[in-house]
Amino acid sequence: MNVYADFQSRLAAMLEKRVAAGELLRDLDLDRFVVEPPRDAAHGDLSTNAAMVYAREIKLAGSTPRAFAESLSADLAREPDVLKIEVAGPGFINIVLKPEVYQQVLRTILVEGERYGAGPRSKSGPVNVEYVSANPTGPMHVGHARGAVFGDALANLLQFSGRDAVREYYINDAGAQVDVLARSAFLRYREALGEDVGPIPDGLYPGDYLKAVGETMAREFGPALREKPEPQWLPLARKRATDAMMAMIRDDLAALHIEHEVFASERELTGADGGVDRVREAIEALRAKGFVYEGRLPPPKGAPSDDWEDREQTLFRSTEFGDDVDRPLIKSDGGYTYFAGDIAYHKTKIDRGFLTLVDVWGADHGGYVKRMQAAVAALSDNRARLDIRLCQLVRLMRGGEPVKMSKRSGDFVTLREVVDEVGADAVRFIMLMRKNDAPLDFDLAKVIEQSQDNPVFYVQYAHARVRSVLRQGQAAFPDFDLAPSAFAGADLALLTDDGERDLMRALAQYPRTVLQAAEAHEPHRVAFFAHELATRFHAHWNRGKDLRSLRFVNENNGKLSYARLSLVTAVGLVLASALSILGVSAPEEMR
RNA sequence: GGCUCCGUAGCUCAGUUGGAUAGAGCAGCCGCCUUCUAAGCGGCAGGUCGCAGGUUCGAGUCCUGCCGGAGUCGCCA
């Protein structure tokens, strides 16, 4: 039940009738107006700009927005659930609803439970959400966490809003750096065989996490590989090292409650190990459409680069789709560029039937957005839409001081360390409280603080407080059935206090918030909603300190207590629902 | 130099896809605990929404140009 969407369609019907009656132009775009909660509660429960957005059409029909608003209000006033209506300013229509509407909202929440606000199954088809996609060359560090949490919450949000969402991870296991990884693992293999390898040379990965790979290889091969030439052991070491790294990364992600359904290997797409060369197929598909050619690029402008070599190469005509220059697909050594592999990967998404694609990248990849969108447009003949969400950097702090992250390898802070220290809930919620394209300070000291400075705690506490109140209510009235569905018999008309109304208004906005957050691909809106609802709940709870009569549980008034406990239950259900979209737990108590 | 993102209270950030008098939290000041967990709540004060134009009934939001910051700029991923 979405009050705003409900009135939106009723108004649309009224406008259509006027069009049919010849009062307005024929092809009126009925999506242009909105019905929204006014910023100022004094303006009522609903507000619409319908009379103003069609000002031009209204003028043509010989009226004014204000007069048109008056006339629309007359129609709206006849709606059974409208209590009061008035035209304000240049033509806003403000609607005050009968209390029964909010009582109905409450009943809906109690019946639907955590499904309240969830969208009906969408007809827009499945969404593909690709996120994390970190190189399999070591453990995840905190920088990866933001995109990981963002992508995961976005997928949750899309699913809640009715889309099918598939979570994918693209494994960058084809480039030179995985060869470096393999050599690093081979060194650890020799070490595991008892050889003194000394300090790890520059250019190899020094992390201890490769020791286990070396030991596994020593057990598997014994000394057999040691004297072989590199071309013989490299593929073996690469396979074992990348497999081990992916297992480690999946473990790190699991600690954040993140699980992908599809892992796509770049190396597999290139056909390097004998499979079909999907990259070549993708390039040929683009060539067939006329978007691939052999040509030369102008040298980069600005800072002159020493190693610029003018040469003819295979180029994708991304400028056709708004990119600045065309982009190379084949490197000078004959291998595919990263971009070429990514094109092939995105082609598999399109081939699998996805027309809505979301990629979550670090902000340092911002320069690749246009070419990737160009490739998706070219591959799908403009049918697929690729939204790329860039996540800004995370600055790790402790008590206001930046945590030093030396470039010296092995000295970075791993994701696992942070999760072990502050917990998955804190990491997830903080990362989601900020818009993804704004930088974020993550303070290790603050996020475990139990105070209102810490939004994780604040929101979880609101939920715990709900549960506590319900326990108190049960203690005071042992006969009460506090199962959500049992509240059908509660007399909700008893909920007349401003604070209670305020809470119900907030609850009524949840479906709208979720819908908008899903459409905008902005899970942080759900986090802000949860925080806002928590604020209202804490505020109302506190009024019960001054005025005993406002407390949820009144020992000498069972009917009233029961009605209020139904409201408390609804608040708890919606908080739990929002938290579950964010992937954060809703605790029973905070101790 | 090109492109992308950002610029809102002293600080950290929201801002309902163009709506009404721009909102929270922190920090500051003033109040509220014989408690449904004060791990909280209320109040006061705080603003040329970077600057200048433009679009229209209406701009923090859209367009153009500047200023300032971050990222990025063929063969890294």
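Sequence lines set the chain letters: A, B, ... in the order given, protein chains first and strands last, and positions in each chain run from 1. Everything quoted here is computed from the prediction, not taken from an experiment.
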B:C57 and B:A14, which share atom name C1', separated by this distance in whole Å: 27 Å
Secondary-structure string, 5' to 3', Watson-Crick or G-U under 3.5 Å, | for another-strand partners, for RNA chain B: (((((((..((((.....[...)))).(((((.......))))).....(((((..]....))))))))))))....
Value in whole Å for how far the C1' atom of B:C73 lies from NE2 of A:His365: 14 Å
Return whichever of A:Thr48 or A:Glu588 has its heavy-atom-nearest nucleotide of RNA chain B closer to the 5' end. A:Thr48
Measure from the side chain of A:Arg512, starting at C-beta and using heavy atoms only, and say which of B:U16, B:A14, B:C57 lies closest. B:U16
When every non-hydrogen atom of A:Ser73 is compared with those of A:Val87, the smallest separation belongs to OG-CG2, 3.3 Å
Can you check the A:Leu393 CG to B:U12 P distance for me, whole Å? 16 Å
To the side chain of A:Ala55, which of B:G19, B:G40, B:C57 is closest? B:C57
So, for A:Phe321 and A:Phe291, is the gap between ring centers shorter than 6.0 Å? yes
C1' atom, B:U56 versus B:C62: distance in rounded Å? 11 Å
Closest to the A:Lys331 side chain, choosing from B:A20, B:A77, B:C41: B:A77
Among the candidates B:U35, B:G40, B:G42, find the nucleotide nearest to the side-chain atoms of A:His538. B:G40
Contact class for A:Val325 (heavy atom, under 4.0 Å): base, sugar-phosphate, or nothing? nothing
Would you say the rings of A:Tyr458 and A:Phe429 are close, in the sense that their centroids are separated by under 6.0 Å? no
Do A:Tyr131 and A:Glu168 have side-chain N/O donor and acceptor atoms under 3.5 Å apart? no
B:U64 and B:U12: how far apart are their P atoms, nearest whole angstrom? 29 Å
Specify the separation, in whole Å, of atom CZ of A:Phe339 and atom P of B:G74. 14 Å
Choose from B:A38, B:G74, B:G19 the nucleotide whose nearest atom is closest to any side-chain atom of A:Glu36. B:G19
For A:Phe487 and A:Tyr562, I'd like to know if the aromatic rings sit close, meaning centre-to-centre distance below 6.0 Å. yes
Base, sugar-phosphate, or nothing for A:Pro328, non-hydrogen atoms under 4.0 angstrom? sugar-phosphate
Check every strand shown and say whether A:Ala363 touches a base, only sugar-phosphate, or nothing at a heavy-atom separation below 4.0 Å. sugar-phosphate
Picking from B:G60, B:U35, B:U37, the nucleotide nearest the side-chain atoms of A:Arg39 would be B:G60
Taking B:U17, B:U72, B:U37 as options, the one with an atom nearest any side-chain atom of A:Asp364 is B:U72
Under 4.0 Å from OP1 or OP2 of B:A77: is there any side-chain N or O of A:Tyr345 that close? no
Centroid separation under 6.0 Å, is that true for the rings of A:Tyr510 and A:Phe529? yes
Heavy atoms of A:Gln509 and A:Tyr4 approach each other most closely as CG-OH, 3.1 Å
Nearest whole Å is fine: how far is B:C75 P from A:Asp326 CG? 14 Å
A:Phe457 CZ to B:C26 P: how many Å, rounded? 13 Å
Between A:Ile330 and A:Ile283, is the side-chain contact (heavy atoms from CB on, under 4.5 Å) condition met? List the steps. CA-CA 10 Å; A:Ile330 314 273; A:Ile283 292 174; 4.3 Å; yes
Under 4.0 angstrom, heavy atoms only, what part of the nucleic acid is A:Asp333 near: base, sugar-phosphate, or nothing? nothing
Any A:Gln472 side-chain N or O less than 4.0 Å from OP1/OP2 of B:U35: no
Where does B:C73 land, syn or anti, once you apply the within-90°-of-0 test for syn? anti
Using a 5.5 Å cut-off between ring centres and planes within 30 degrees, is A:Phe92 stacked on the base of B:G19? no
Answer with base, sugar-phosphate or nothing: what part of the nucleic acid does A:Glu266 contact at a heavy-atom distance below 4.0 Å? sugar-phosphate
When the distance from CZ of A:Arg327 to P of B:G2 is rounded to whole Å, what number comes out? 16 Å
Please determine if a side-chain N or O atom of A:Ser468 lies less than 4.0 Å away from the OP1 or OP2 oxygen of B:U37. yes
Integer angstrom distance from the C1' of B:G46 to that of B:C30: 15 Å
I'd like the C1' distance from B:G40 over to B:A77, given in whole Å. 48 Å
Reckon A:Gly175 touches a base, only the sugar-phosphate, or nothing at all at heavy-atom distances under 4.0 Å? sugar-phosphate
If you go through the side-chain atoms of A:Thr137, does one of them form a donor-acceptor pair with the base of B:A77 closer than 3.5 Å? no
Closest heavy-atom pair and its distance - A:Ser133, A:Glu130: OG-OE2, 3.0 Å
Does atom CZ of A:Arg548 have more than 12 heavy-atom neighbours, drawn from other residues, nucleotides or ligands, at distances under 6.0 Å? no
Closest to the A:Tyr368 side chain: B:A77, B:C41, B:A20? B:A77
Side chains of A:Tyr293 and A:Asp326: any donor to acceptor distance under 3.5 Å? yes
Nearest nucleotide by nearest heavy atom, which residue falls closer to the 5' end of RNA chain B, A:Tyr336 or A:Arg471? A:Arg471
Would you say that more than 12 heavy atoms from the other residues, nucleotides or ligands in this model lie under 6.0 Å from the CZ of A:Arg280, or not? no
May I have the distance from A:Asp40 (atom CG) to B:G23 (atom P), rounded to whole angstrom? 8 Å
Give me the distance, rounded to whole Å, that separates B:U17 from B:G60 when you measure between the P atoms they each carry. 15 Å
Please state the C1' separation for the pair B:G71 and B:C51 - nearest whole angstrom. 24 Å
Under 3.5 Å donor-acceptor pair, A:Asn542 side-chain atoms to B:A38 base atoms: no
What's the closest nucleotide to the A:Ala88 side chain, out of B:U37, B:A20, B:C75? B:A20
Distance between the P atoms of B:A24 and B:G42, in whole angstroms? 10 Å
If you draw the axis of the six-membered ring of A:Phe150, does the NZ or CZ of A:Arg146 fall within 45° of it and under 6.0 Å from the ring centre? no
Reading nucleotides 3-10 of chain B from 5' to 3' and marking B where a protein heavy atom lies under 4.0 Å of the base, S where only the sugar-phosphate is that close, and - otherwise, the string is S-SS----
Using 4.0 Å as the upper bound for N to carboxylate O, is an ion pair formed by A:Arg398 and A:Asp443? no
Does A:Arg465 make a side-chain N or O approach to OP1 or OP2 of B:A38 shorter than 4.0 Å? yes
At 4.0 Å (heavy atoms only), tell me whether A:Ala464 reaches a base, stays on the sugar-phosphate, or touches nothing. base
Rounded to whole angstrom units, what separation is found between the NE2 atom of A:His531 and the C1' atom of B:C26? 11 Å
Can you identify which nucleotide, out of B:G40, B:G74, B:A77, has its nearest atom closest to the A:Gln313 side chain? B:G74
